[in-house]
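In this chain, numbering begins with 1 at the start of the sequence shown. Note that these values count all heavy atoms, side chains included, but never hydrogens, waters or copies made by symmetry.
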Amino acid sequence: MNDRAPAPGGLALVQELVNTLNLESGADALDTEAGRDAFGLGPQDVGAARDLRESLRAACLAHAGHPAHRPVRDLGELLAGGPLLVEVDGATGAASLVPADASALTARVAAAIAEALVAGTWLRLKACEAVTCHWAYYDRSPAGRSRWCDMGVCGARAKMRAYRARKAAPGTSP
């Protein structure tokens, strides 16, 4: 829904997954073969992927200071189903967490979140505050206080609603 640059590193996967559902139109990319293929999913995996997506959306909303959009499964419990391994580079000694099963979406998401935690970027992945949107975006603002996925669409709509509410309120000055 926006033209922001994708989230850095593995968070791009999380952002892409959250953004498979357009709340305004109801279109769900996971309903299509191409949408499922993008995440290595079969038709039998869609229910679990949707649970994961909505729990991730709730976490992104929390990062922006908003309550969950609806009741969701606990993200920690979902991610427990995607075990990670510690991989150590023999030449450099550098360590990283990698999915135990690289084909499992939950494990790839867990690895992406672990990477983002280490990098300090996890809390910058947010969901738009517009209730008809909740699109995931990466907040690159210096203060980390961005509110909308796109200032030109969701931000403009919110500001116009606030303006109209002020104009409609009795006893307010222009």
Is there any ring pair (Phe, Tyr, Trp, His ring centres under 6.0 Å) pair reaching into residues 8-43, and which pairs are they, with sequence neighbours excluded? none
Selection residues 102-119 - residue pairs positive for side-chain hydrogen bond (donor to acceptor under 3.5 Å, both in side chains), sequence neighbours left out: Asp101-Ser103
Under 4.5 Å between any side-chain heavy atoms of Leu11 and Leu13, yes or no? no
Do Pro6 and Gln15 have side-chain heavy atoms sitting under 4.5 Å apart? yes
Strictly by ring pair (Phe, Tyr, Trp, His ring centres under 6.0 Å), give each pair with a member in residues 76-114 just once, sequence neighbours left out. none
Is a side-chain donor or acceptor of Asn22 paired with a backbone partner of Ala27 at a separation under 3.5 angstrom? no
Check for me, please, whether Leu23 and Leu125 land in the same ILVMFWY cluster - side-chain distances under 4.5 Å, paths through other members count. no
Remaining members of the apolar cluster that contains Val118, side-chain heavy atoms under 4.5 Å: none
Can you pull out every side-chain hydrogen bond (donor to acceptor under 3.5 Å, both in side chains) where at least one residue sits in residues 116-127? Sequence neighbours excluded, please. His63-Trp122, Lys126-Asp139
Hey, what else clusters with Val98 if you join Ile, Leu, Val, Met, Phe, Trp, Tyr whenever side-chain heavy atoms sit under 4.5 Å? Leu85
Qualifying residues under side-chain contact (heavy atoms from CB on, under 4.5 Å), relative to Val131, sequence neighbours excluded: His134
Let me have the donor-acceptor pairs involving side chains of residues 40-50, under 3.5 Å, with sequence neighbours excluded, atom names and distances please.
from	atom 1	to	atom 2	distance (Å)
Asp45	OD2	Gly42	N	2.8
Arg50	NE	Asp28	OD2	2.8
Arg50	NH2	Asp28	OD2	3.1
Arg50	NH2	Asp31	OD1	2.2

Which donor-acceptor pairs under 3.5 Å do the side chains of residues 67-75 make with protein atoms, sequence neighbours left out?
from	atom 1	to	atom 2	distance (Å)
His69	NE2	Glu54	OE1	2.7
Asp74	OD2	Gly76	N	3.1
Asp74	OD2	Glu77	N	2.9

Output the distance between atom CG (Leu30) and atom CZ (Arg36), rounded to the nearest 0.5 Å. 8.0 Å
Taking side chain as C-beta onward, heavy atoms only, is Pro8 less than 4.5 Å from Tyr138? yes
Please find the pair of heavy atoms, one from Pro99 and one from Ala107, that lie closest to each other, and give the distance. CB-CB, 3.5 Å
Non-neighbouring partners of Leu84 that pass side-chain contact (heavy atoms from CB on, under 4.5 Å), sequence neighbours left out: Leu97, Ala110, Ala111, Ala114
Can you list everything that forms a side-chain contact (heavy atoms from CB on, under 4.5 Å) with Ala91? Sequence neighbours excluded, please. Asp89
Between Leu105 and Leu17, what is the shortest heavy-atom contact and its length? CD2-CD2, 4.0 Å
Run the side-chain contact (heavy atoms from CB on, under 4.5 Å) test against Thr32 and tell me which residues pass, sequence neighbours left out. Ala34
Is there a continuous path of hydrophobic side-chain contacts, each under 4.5 Å between heavy atoms, that joins Val14 to Leu123? yes
When rounded to the nearest 0.5 Å, the distance separating CD1 of Ile113 from CG of Leu56 is 5.5 Å
Return the minimal non-hydrogen interatomic distance between Gly93 and Val88, and the atom names on each side. O-CG1, 3.8 Å
